[in-house]
Engineer: 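After the structure tokens below, expect a handful of questions from me.
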2 protein chains.
Amino acid sequence: MGDNAIPDADEISILGPSDKKAHRFPRPTVAVDIALLTIDTDRQQLLVVEMARDDTGKWALPGRFLRERETLAVAVERCLADKLSVHGIRPHQLAVFDDPDRDDRDWVISVAHVAVVRPEQLESLGSGSAETRLVPVDRPGELVWDHPAIVRLAKEYVRSRYEAEPDPDRLLGPRFTLSELQRVHEAVAGHSDLSRFAFRRLMKDQLVATGDLNEPTGSRGRPAELFRRKRDRS
Amino acid sequence: MGDNAIPDADEISILGPSDKKAHRFPRPTVAVDIALLTIDTDRQQLLVVEMARDDTGKWALPGRFLRERETLAVAVERCLADKLSVHGIRPHQLAVFDDPDRDDRDWVISVAHVAVVRPEQLESLGSGSAETRLVPVDRPGELVWDHPAIVRLAKEYVRSRYEAEPDPDRLLGPRFTLSELQRVHEAVAGHSDLSRFAFRRLMKDQLVATGDLNEPTGSRGRPAELFRRKRDRS
DNA sequence: GTAATAGTGTCTATTAGACACTATTCG
DNA sequence: CGAATAGTGTCTAATAGACACTATTAC
């Protein structure tokens, strides 16, 4: 296998000098699929946005085909803006799903993404044209194709991020109290296993105290101090 | 995944009834690029395989275009088998590089992969047609395009895996001594920061003692016990 | 014997868990 | 005042680091 003097199709590489070679092969359609997550702070759980497919009665994650010379991040942003009127997201790649038979209509490979948004960013969901639902990631509904695996990857990714860092996906604003932060982390995790003392110790060296106190919240108790994330201006 | 007859591009459109949407858009060429890593146990470092580009004097990671209805893992395996005569790899996806201008000849998106192999698996390197070199990942040579970023992702991925688990990429066989294991881990990390005591405590609950002793090694000292990974037969 | 490598127990320093105690606000 | 929430110090348990000591081999 080592001494091939004749460059045949197997030899073709992106390292080659001419672009003609790239066109010898049929190309897959490339898609993006997005696990759009948010939290329910009251019920302390992570939710994923699912869309009804018009043709069948089934549900799927939002997704779209990649357009010409578009980056994946832009395709994700446009998909969520067009289909769900959701803006200002921070998409992150999870994996490429490449089973050639995953879509029986055509050869499609899909780059799975995750994005985490604040609940307010989903207010426009009902008003859109598409039927949508919000489903707890730990009690998933039926989803087409490999979309359940995407949801699984998405929740693992987000949960592992929230174990190490204070609210890395900005579900809270720049300033927040420790109990607000803890509620967000417990919603992401889906459960609470740290006492307020342990949570404070875990987070305090990644936070900066502002010295300011929280404005009156309506409830009783001593007002809490506001913190901000380290390496974050104001 | 045998060698299916390759229908040409036009034939694809009769595969399904609702494939029209997918064909509205031009599609990118999809490639795989591979950071093929191994260790130098003598110099205690991680190495990456680079290939000379025939046309210019530059170096690049091995890569190839995805062929029709081929999975990415198969493309990676075939690429390394054909170009470098390397077999038996376990490819893992790292990220998709999708800058539309990353290749000025065409619209190409590339799925970066990492694979870790034992040094013996690279014995055939010199005999191949392509010129290759082995470069320490921490003192990288010049590489084209975004390939330096791929090497960076690859080494971070492998190092984080080796922090948690005993030789997850099977650089050693099924049975090994603790000092063999530690040498492998130090080569992956590029440095040694654990005493043999600490290393033993870290690994021992993920290993199973076999009761057998290492065969004479030629060096002095008490013969070491052989261990195997937990959840691994014999 | 000495030098070299392997395995175990132990002492100590650091970290993690639990919680008592004080502080501040609302009603 | 009591109930509720916030912040701090302290006691203790578990874990991590250092290393003394014993074991086994080659020379």
Side-chain angles (χ1 to χ4, degrees), chain A residues 41-44 159-160 162-167 171-187 189 191-230, chain B residues 41-44 159-160 162-167 171-187 189 191-230:
Chain A
T41 34
D42 295 324
R43 313 197 55 166
Q44 294 282 88
R159 283 180 176 164
S160 74
Y162 271 76
E163 275 170 27
E165 245 188 282
D167 188 30
L171 289 162
L172 295 167
R175 290 148 53 96
F176 43 80
T177 69
L178 275 162
S179 42
E180 287 167 349
L181 183 66
Q182 186 165 15
R183 277 194 73 75
V184 166
H185 277 252
E186 288 173 351
H191 55 87
S192 64
D193 39 17
L194 288 183
S195 73
R196 67 188 181 101
F197 313 109
F199 185 78
R200 171 178 290 266
R201 269 213 295 229
L202 180 67
M203 292 295 167
K204 73 165 189 291
D205 53 344
Q206 306 182 64
L207 297 173
V208 180
T210 65
D212 301 340
L213 297 184
N214 197 11
E215 63 234 22
T217 134
S219 77
R220 277 183 283 188
R222 172 174 171 174
E225 187 170 8
L226 290 169
F227 294 81
R228 61 176 178 83
R229 301 172 189 84
K230 226 168 211 172
Chain B
T41 36
D42 295 324
R43 313 195 56 163
Q44 294 283 87
R159 283 180 175 163
S160 74
Y162 272 76
E163 275 171 26
E165 245 186 281
D167 187 31
L171 288 163
L172 295 168
R175 290 148 53 95
F176 43 80
T177 70
L178 274 161
S179 43
E180 288 167 349
L181 183 65
Q182 185 166 17
R183 276 194 73 76
V184 166
H185 277 251
E186 288 173 351
H191 55 87
S192 65
D193 40 16
L194 287 182
S195 72
R196 66 189 179 99
F197 312 109
F199 186 78
R200 172 178 290 267
R201 270 215 291 229
L202 180 68
M203 291 295 167
K204 73 165 187 291
D205 53 343
Q206 306 181 64
L207 297 173
V208 180
T210 65
D212 300 340
L213 296 183
N214 198 12
E215 63 234 23
T217 134
S219 78
R220 275 182 285 189
R222 171 175 170 175
E225 188 170 8
L226 290 169
F227 294 81
R228 61 175 178 83
R229 302 170 189 85
K230 228 167 208 173

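Residue numbers start from 1 in every chain, and the chains themselves are labelled A, B, ... in the order their sequence lines are given, proteins ahead of strands. All of these numbers come straight from a predicted model, not from anything done at the bench.
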Engineer: Have a look at B:T177 and say if it touches a base, only the backbone sugar-phosphate, or nothing, with a 4.0 Å heavy-atom cut-off.
Structural biologist: nothing
Engineer: Rounded to whole Å, please give me the gap between NZ in A:K204 and C1' in C:dA16.
Structural biologist: 11 Å
Engineer: By nearest heavy atom, map A:G221 and B:L213 onto DNA chain D; which one lands nearer the 5' end?
Structural biologist: A:G221
Engineer: Taking atom P of D:dG7 as reference, at what distance in whole Å does atom CG of A:L178 sit?
Structural biologist: 6 Å
Engineer: Salt bridge (charged side-chain N to carboxylate O under 4.0 Å, His left out) for B:D205 and B:K230? Distances and angles first, verdict last.
Structural biologist: CA-CA 8 Å; B:D205 53 343; B:K230 228 167 208 173; over 6 Å; no
Engineer: Are A:V184 and A:F176 side-chain neighbours, meaning at least one heavy-atom pair lies under 4.5 Å?
Structural biologist: no
Engineer: Grab the N/O contacts between the protein and nucleotides 9-19 of chain D below 3.5 Å, and write none if there aren't any.
Structural biologist:
| residue | atom | partner | partner atom | Å |
| --- | --- | --- | --- | --- |
| D:dG17 | N7 | B:R201 | NH2 | 2.3 |

Engineer: Output the rounded distance in Å from CZ (B:F199) to P (C:dG7).
Structural biologist: 12 Å
Engineer: Figure out the CD/C1' separation between B:E225 and D:dT25, and round it to whole Å.
Structural biologist: 16 Å
Engineer: Judged by atom type as modelled, is there a donor-acceptor pair below 3.5 Å linking the side chain of A:E180 to the main-chain atoms of A:T177?
Structural biologist: yes
Engineer: Is any side-chain heavy atom of A:F199 closer than 4.5 Å to a side-chain heavy atom of A:H185?
Structural biologist: yes
Engineer: Provide, to the nearest angstrom, the distance between the CG atom belonging to B:D205 and the P atom belonging to C:dT8.
Structural biologist: 14 Å
Engineer: Using whole Å, what does the distance between atom C1' of nucleotide D:dG7 and atom CG of A:L207 come to?
Structural biologist: 14 Å
Engineer: Tell me: CG of A:L202 to P of C:dA16, nearest whole Å?
Structural biologist: 8 Å
Engineer: So, OP1 or OP2 of D:dG7: does either fall under 4.0 Å of a side-chain N or O from A:R196?
Structural biologist: no
Engineer: Rounded off to whole Å, could you give me the CE-to-P distance for the A:M203 and C:dA16 pair?
Structural biologist: 13 Å
Engineer: Select from B:R220 and B:R200 the residue whose nearest nucleotide in DNA chain C is closer to the 5' end of that strand.
Structural biologist: B:R220
Engineer: Kindly say whether A:L226 contributes a backbone atom to a donor-acceptor pair with the side chain of A:D212 at under 3.5 angstrom?
Structural biologist: no
Engineer: Think B:S179 has a side-chain N or O under 4.0 angstrom from the OP1 or OP2 of C:dA6?
Structural biologist: yes
Engineer: State, with a plain yes or no, whether a side-chain heavy atom of B:Q206 is found less than 4.5 Å away from one of B:E165.
Structural biologist: yes
Engineer: If the test is side chain to side chain contact (heavy atoms under 4.5 Å, CB included), which one of A:E225, A:K204, A:R200, A:R196 qualifies with A:L178?
Structural biologist: A:R200
